[in-house]
Amino acid sequence: MNNLFKALGDGTRREILRRLAKGDMAAGEIAAAFNLSWPTISHHLHVLKETGLVQVEKKGQYVIYSLNTTVFQDIAGWLFEMLGIITENHPDGKGGVKDGQ
(Lines give C-alpha, C1' and ligand atoms only; values in the text may rest on other atoms or scores of the structure.)
Protein backbone atom coordinates (compact mmCIF):
# COMPACT_ATOMS: atom_id res chain seq x y z
CA MET A 1 0.00 0.00 0.00
CA ASN A 2 2.94 2.36 0.66
CA ASN A 3 4.14 2.09 -2.96
CA LEU A 4 0.60 2.65 -4.12
CA PHE A 5 0.28 5.95 -2.26
CA LYS A 6 3.76 6.95 -3.37
CA ALA A 7 2.71 6.35 -6.98
CA LEU A 8 -0.43 8.43 -6.45
CA GLY A 9 1.65 11.22 -4.92
CA ASP A 10 2.96 12.30 -8.32
CA GLY A 11 0.89 14.76 -10.35
CA THR A 12 1.90 13.37 -13.73
CA ARG A 13 0.88 9.86 -12.71
CA ARG A 14 -2.45 11.14 -11.37
CA GLU A 15 -3.07 12.90 -14.71
CA ILE A 16 -2.25 9.70 -16.61
CA LEU A 17 -4.79 7.88 -14.43
CA ARG A 18 -7.42 10.60 -15.07
CA ARG A 19 -6.95 10.14 -18.80
CA LEU A 20 -7.13 6.35 -18.53
CA ALA A 21 -10.34 6.67 -16.51
CA LYS A 22 -11.93 7.96 -19.73
CA GLY A 23 -10.72 4.94 -21.71
CA ASP A 24 -7.79 2.77 -22.66
CA MET A 25 -4.86 4.46 -24.38
CA ALA A 26 -1.78 3.42 -26.30
CA ALA A 27 1.56 4.38 -24.78
CA GLY A 28 2.19 6.82 -27.63
CA GLU A 29 -1.16 8.54 -27.03
CA ILE A 30 -0.30 8.98 -23.37
CA ALA A 31 3.14 10.35 -24.19
CA ALA A 32 1.69 12.78 -26.75
CA ALA A 33 -0.57 14.30 -24.07
CA PHE A 34 2.42 15.52 -22.05
CA ASN A 35 5.31 17.86 -22.69
CA LEU A 36 7.75 15.34 -21.22
CA SER A 37 10.42 13.11 -22.68
CA TRP A 38 9.56 9.54 -23.62
CA PRO A 39 11.90 8.11 -20.92
CA THR A 40 10.09 10.19 -18.30
CA ILE A 41 6.66 9.01 -19.44
CA SER A 42 7.96 5.46 -19.66
CA HIS A 43 9.15 5.67 -16.05
CA HIS A 44 5.72 6.92 -14.89
CA LEU A 45 3.96 4.14 -16.79
CA HIS A 46 6.34 1.58 -15.29
CA VAL A 47 5.59 2.80 -11.76
CA LEU A 48 1.84 2.64 -12.42
CA LYS A 49 2.18 -0.88 -13.81
CA GLU A 50 4.38 -2.10 -10.93
CA THR A 51 1.89 -0.82 -8.34
CA GLY A 52 -0.97 -2.51 -10.17
CA LEU A 53 -2.82 0.73 -10.90
CA VAL A 54 -2.75 0.03 -14.63
CA GLN A 55 -2.82 -3.07 -16.77
CA VAL A 56 -0.88 -3.46 -19.98
CA GLU A 57 -1.81 -5.40 -23.09
CA LYS A 58 0.19 -5.68 -26.29
CA LYS A 59 -2.00 -5.38 -29.40
CA GLY A 60 0.13 -5.77 -32.50
CA GLN A 61 2.70 -2.99 -32.47
CA TYR A 62 0.84 -1.04 -29.75
CA VAL A 63 1.07 -1.26 -25.97
CA ILE A 64 -2.36 -0.45 -24.53
CA TYR A 65 -2.79 0.81 -20.97
CA SER A 66 -6.00 0.54 -18.96
CA LEU A 67 -6.99 1.17 -15.35
CA ASN A 68 -7.00 -1.73 -12.96
CA THR A 69 -10.32 -0.89 -11.33
CA THR A 70 -9.90 -3.59 -8.67
CA VAL A 71 -7.04 -1.63 -7.11
CA PHE A 72 -9.17 1.53 -7.04
CA GLN A 73 -11.98 -0.41 -5.35
CA ASP A 74 -9.48 -1.61 -2.73
CA ILE A 75 -8.27 1.95 -2.13
CA ALA A 76 -11.85 3.25 -1.86
CA GLY A 77 -12.70 0.46 0.59
CA TRP A 78 -9.73 1.34 2.78
CA LEU A 79 -10.63 5.05 2.70
CA PHE A 80 -14.27 4.33 3.64
CA GLU A 81 -13.06 2.10 6.46
CA MET A 82 -10.85 4.92 7.74
CA LEU A 83 -13.73 7.39 7.44
CA GLY A 84 -15.92 5.06 9.49
CA ILE A 85 -13.30 4.79 12.22
CA ILE A 86 -12.79 8.56 12.27
CA THR A 87 -16.53 9.23 12.38
CA GLU A 88 -17.00 6.69 15.16
CA ASN A 89 -14.21 8.19 17.26
CA HIS A 90 -15.03 11.82 16.47
CA PRO A 91 -18.83 12.03 16.08
CA ASP A 92 -18.75 15.84 16.41
CA GLY A 93 -16.68 16.01 13.23
CA LYS A 94 -13.67 17.34 15.07
CA GLY A 95 -10.47 15.38 15.26
CA GLY A 96 -6.79 15.90 15.67
CA VAL A 97 -5.11 17.98 18.32
CA LYS A 98 -7.17 19.31 21.21
CA ASP A 99 -7.15 22.98 22.18
CA GLY A 100 -4.05 24.01 24.08
CA GLN A 101 -1.91 21.13 22.81
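- Applying the salt bridge (Lys or Arg N to Asp or Glu O under 4.0 Å) test to pairs two or more places apart or on separate chains, none has a residue in residues 36-61.
- Both L36 and W38 belong to a common hydrophobic cluster when Ile, Leu, Val, Met, Phe, Trp and Tyr are linked at side-chain heavy-atom distances under 4.5 angstrom.
- Among residues two or more places apart in sequence or in another chain, the side-chain hydrogen bond (donor to acceptor under 3.5 Å, both in side chains) test is passed with S37 by T40.
- Cluster partners of V47 are absent, since no Ile, Leu, Val, Met, Phe, Trp or Tyr has side-chain heavy atoms less than 4.5 Å from it.
- Looking at R13 and L8, their side chains never come closer than 4.5 Å, going by heavy atoms from C-beta outward.
- The side chain to side chain contact (heavy atoms under 4.5 Å, CB included) search around R19 returns E15, M25, A33, F34, not counting sequence neighbours.
- In this structure, CG on L17 lies 12.5 Å from NZ on K22, to the nearest 0.5 angstrom.
- Inter-residue side-chain proximity for I16 and L48 is flagged as met; some heavy-atom pair is nearer than 4.5 Å.
- Interatomic distance, E88 CD to I86 CD1, rounded to the nearest 0.5 Å: 11.5 Å.
- Exactly one of L79, L83, I85 qualifies for a side chain to side chain contact (heavy atoms under 4.5 Å, CB included) with E81. That residue is I85.
- Counting only residues at least two apart or on different chains, no ring-ring contact (aromatic ring centres under 6.0 Å, His included) pair has a member in residues 48-77.
- Under the ring pair (Phe, Tyr, Trp, His ring centres under 6.0 Å) criterion, F80 pairs with no residue, sequence neighbours left out.
- In this view, V71 and L4, L53, N68, I75 satisfy the side chain to side chain contact (heavy atoms under 4.5 Å, CB included) rule, not counting sequence neighbours.
- With R14 contributing its side chain and G9 its backbone, the two residues share a donor-acceptor pair below 3.5 Å.
- Every residue meeting the side chain to side chain contact (heavy atoms under 4.5 Å, CB included) condition with N3, not counting sequence neighbours, appears here in chain and number order: T51.
- With sequence neighbours left out, the side chain to side chain contact (heavy atoms under 4.5 Å, CB included) criterion links A21 to L67.
- Considering only heavy atoms from C-beta on, L20 comes within 4.5 Å of I30 through its side chain.
- Considering only residues two or more places apart in sequence or on other chains, W78 meets the ring pair (Phe, Tyr, Trp, His ring centres under 6.0 Å) condition with F5.
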